[in-house]
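Note: hydrogens, waters and symmetry copies are ignored here, and every other heavy atom, side chains too, is used. Each chain gets a letter, A, B and so on, in the order the sequences are listed, and its residues count up from 1.
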Amino acid sequence: MTAIAGAAVAGLQIVTVDEVPRHGRIAALVVGLDQRQVWYVPVVHEQEACLQLKDVLNRFKGFFEAARPSKIGFNQKADYLALAAHGIQLQGIDWDLLVAAYLLNSGVRSPSLEALASDVMHRTIEGREALFGTGKTAMTCDQVEIARAAAFFGERMRVTLELQPLLQAQLVRLGNAELFRDLEMPLVPVLAEIEMAGVAVDLPYLQQVSRELYDQLRRLDQEIEDVAHGPINVNSPQQLARFLFEDLNLPGGRKTKSGYSTDATVLEGLREQHPVVGKILEYRQLSKLKGTYVDALPLLVDSRTHRVHTSFNQTVAATGRLSSSDPNLQNIPIRTEVGQKVRRAFIPGRTGDLLLSADYSQIELRVLAHMTDDPVLVDAFARGEDIHARTAAEVFGIPQPEVTANQRRLAKVVNFGLFYGLSDFGLARDTGMSTEEARVFIDAYFRAYSRVREFLEGIKIQAREQGYVETVLHRRRYIQDIRSPNRMLRQAAERIAINMPVQGSAADIMKLAMIRLQRYLQEQHLESRMILTVHDELVFEVPPAERDHLIEVVPDQMATAYPLTVPVQVDLKLGPNWQDMERVRLVAAKA
DNA sequence: CCGATCACGTA
DNA sequence: AACGTACGTGATCGTA
């Protein structure tokens, strides 16, 4: 123990029985100082005598809660969560190989230690399946013999310790050491804290919505079956296609691998042809929302906290964004009326508290202005203009007051489409103009915003010559197929290359803001909690006494997290749930 | 039981 | 002829 506490650096893994570290069902600790000094400390193994968890945690508490030694691990957010369940706040989370591997190649979806050992050290190690089995017969960690578990986790720890300096050297070589140390690693405990905080959900309300939707769905189903003269499962694209394109003889459009497509765009095109089509579209929408949110959310409420605790994944999205799962709280509906009903179910956990939502306004266009230094774009943001109206004015060559609603709409589609590598075909499809008109429109756009065109061309060249593109903080994404002779593949690669620097830079900025704000809340001993992040939005749960304090500090910290050459603007809303929110403030940080 | 496919929600 | 980027989830369906 003295050796461990006195070390500068120590490998650490908290082995849990189940896959939800937040539950804190710790099976063992693994600690390693070097290749010869690795300890496996079992606390839960069936059949075999183990140490008492309580005693073990007490002995290690000082080590866990000290910033030194620095801890090296693989997926340290899980370690933090498992210990937090026992009231221990893990400190010194300095070196997570999972996070490092992600920075080194964000294209690999959730790299494994096995893959790292193989790729970096050319060494084969056992995967989890070898020890635990797979599928229905899989054992949990507590069911495995201690000796076998110790050998398995011991080897992983030795590999972890051996890999760390190799990955560090690679990070330095790529110029990503600072991004790793100052952004991604500090973010690890921030995400863990958000997950632990969770979000309260109004269960009685959701149950009521579920009943309403059930009734509506039954009615729609009946009306559809009346037309079909028999039972039909509207959720089955196969049955639906047979009904629409064979029984009703409606004109089939796009094909999928297995027949005619029945997706929303196809059905929208058939709406006028038969009254049943509208009913099908409505059924689809209600059924989707009921199944994915209204009925699924209550099942994910933790019985101890009465809240849903999503997982924020830091090592999945190739652009540097976070993703959310179990449940995915980053795709809660907002557009439709039923969707808004779902949003109303997200509430503060304590009566009287409020939800505060802060979102970056036009952050991607502002990032684009920053990266391109385009004089027109920069001028528009500097003046605080309506950016889409200004774009329309520039493209149509008219004064801004004369821009019509339709012209503004077209400009908006182009402004959003830019980041996706917009084509004349895509623009035509989204706006209803011909591809010829779309081509002219895009040409006019790039004449007005020539620096944007040069920037996008430059990205493609960089991708082609270097094989990767990067964000303002030098986060990299390697671009496959960018030199492919196959035009389809190459153009797809070009779109990916164009999208990443802007989307990824916005993600960089948001991550900086999250770190600052979490630090601030902690230092000021505030009770307000950061509970959600949705790409350009942060949501907080706020006691009334802290309301004014948060209204001051949240937008200010967000807007100044990473100063751009244009003002960064943050919209602030406050309300009793995630839907019914009122704008309270709009803050623009000077460029 | 699992994976592929289709469809669809968000930024 | 083509069908912008990034994600995660649910239902169905065919296979093991």
Next on the checklist: Would you measure the distance from the C1' atom in C:dT12 across to the matching atom in B:dC1 and give it in whole Å?
Outcome noted: 15 Å
Item to check | Atom-pair distance (CZ on A:R495; P on C:dA2), nearest Å | outcome: 13 Å
Item to check | Set of side chain to side chain donor-acceptor pair (under 3.5 Å) partners for A:S258, sequence neighbours left out | outcome: none
Checklist outcome for this item: Sorted by chain and residue number, the side chain to side chain donor-acceptor pair (under 3.5 Å) partners of A:R242 (sequence neighbours excluded) come out as none
Checklist entry - Could you walk me through whether A:R254 and A:S261 pass the side-chain hydrogen bond (donor to acceptor under 3.5 Å, both in side chains) check? => result CA-CA 6 Å; A:R254 210 157 42 78; A:S261 168; 3.3 Å; yes
Next on the checklist: Whether A:R453 engages the ring of A:F446 as a cation-pi pair (distance to the six-membered ring centre under 6.0 angstrom, angle to the ring normal within 45°) should be assessed.
Outcome noted: no
Item to check | By side chain to side chain contact (heavy atoms under 4.5 Å, CB included) - contacts of A:V584 (at least two apart) | outcome: A:I551, A:L572, A:L574
Checklist entry - Which part of the nucleic acid, if any, lies within reach of A:A296 when heavy atoms closer than 4.0 Å are counted: base, sugar-phosphate only, or nothing? => result sugar-phosphate
Checklist entry - Taking only residues two or more places apart in sequence, or in another chain, which ones meet A:A78 in a side chain to side chain contact (heavy atoms under 4.5 Å, CB included)? => result A:P21, A:N75
Item to check | Among C:dT12, C:dA1, C:dT5, the nucleotide that comes nearest once only the side chain of A:S236 is considered | outcome: C:dT12
Item to check | Any residue meeting salt bridge (Lys or Arg N to Asp or Glu O under 4.0 Å) with A:R490, in chain and number order, not counting sequence neighbours | outcome: none
Checklist entry - Distance check: side-chain N/O of A:Q491 vs OP1/OP2 of C:dC3, anything under 4.0 Å? => result no
Next on the checklist: Heavy atoms from C-beta onward define the side chain here; which of C:dA2, C:dG8, C:dT9 lies closest to that of A:S323?
Outcome noted: C:dG8
Item to check | Along DNA chain C (nearest heavy atom to each residue), the more 5'-positioned of A:A317 and A:G291 | outcome: A:A317
Checklist entry - Nearest-Å distance, CG (A:L368) to C1' (C:dT5)? => result 14 Å
Checklist entry - Taking only residues at least two apart or on different chains, which pairs with a member in residues 285-302 of chain A satisfy salt bridge (charged side-chain N to carboxylate O under 4.0 Å, His left out)? => result A:R22-A:D302, A:K290-A:D295, A:D302-A:R304
Checklist entry - How long is the line joining CG of A:N235 and C1' of C:dG10, in whole Å? => result 9 Å
Next on the checklist: Over all strands shown, is A:G417 touching base, sugar-phosphate only, or nothing at heavy-atom distances under 4.0 angstrom?
Outcome noted: base
Checklist entry - Residues in side chain to side chain donor-acceptor pair (under 3.5 Å) with A:R307, at least two apart? => result A:E541
Item to check | Sugar-phosphate, base or nothing in reach of A:V502, heavy atoms under 4.0 Å | outcome: nothing
Checklist outcome for this item: Of C:dT5, C:dC7, C:dC13, the nucleotide closest to the side chain of A:I496 is C:dT5
Item to check | P atoms of B:dC6 and C:dA2, separation to the nearest Å | outcome: 16 Å
Checklist outcome for this item: Applying side chain to side chain contact (heavy atoms under 4.5 Å, CB included) to A:A296 and not counting sequence neighbours gives none
Checklist outcome for this item: Where DNA chain C forms runs of at least three Watson-Crick or G-U pairs (i with j, i+1 with j-1, under 3.5 Å), the stems are B:2-11 with C:5-14
Checklist entry - To the nearest angstrom, how far is A:I232 atom CD1 from C:dC13 atom P? => result 11 Å
Item to check | Name of the residue among A:L356, A:L517, A:L532 meeting side-chain contact (heavy atoms from CB on, under 4.5 Å) with A:L538 | outcome: A:L517
Next on the checklist: Under 4.0 Å, heavy atoms only, any strand: does A:A506 hit a base, just the sugar-phosphate, or nothing?
Outcome noted: nothing
Checklist entry - So does A:Q239 get a side-chain nitrogen or oxygen closer than 4.0 Å to the phosphate oxygens (OP1/OP2) of C:dC13? => result yes
Checklist entry - NA contact type, A:N313, heavy-atom cut-off 4.0 Å: base, sugar-phosphate, or nothing? => result nothing
Checklist entry - Atom CZ of A:R487 to atom P of C:dA1: distance rounded to whole Å? => result 13 Å
Item to check | With A:D508 via side chain to side chain donor-acceptor pair (under 3.5 Å) - residues at least two apart | outcome: A:T471, A:R475
Next on the checklist: Checking A:T336 against A:Q285: is there a side-chain donor and acceptor pair closer than 3.5 Å?
Outcome noted: yes
Next on the checklist: What does the B/S/- profile of nucleotides 4-11 of chain B look like, 5' to 3', with a 4.0 Å heavy-atom cutoff to protein?
Outcome noted: -SSBBBSB
Checklist outcome for this item: The correct set of residues in residues 456-472 of chain A placing a heavy atom under 4.0 Å from DNA chain B is none
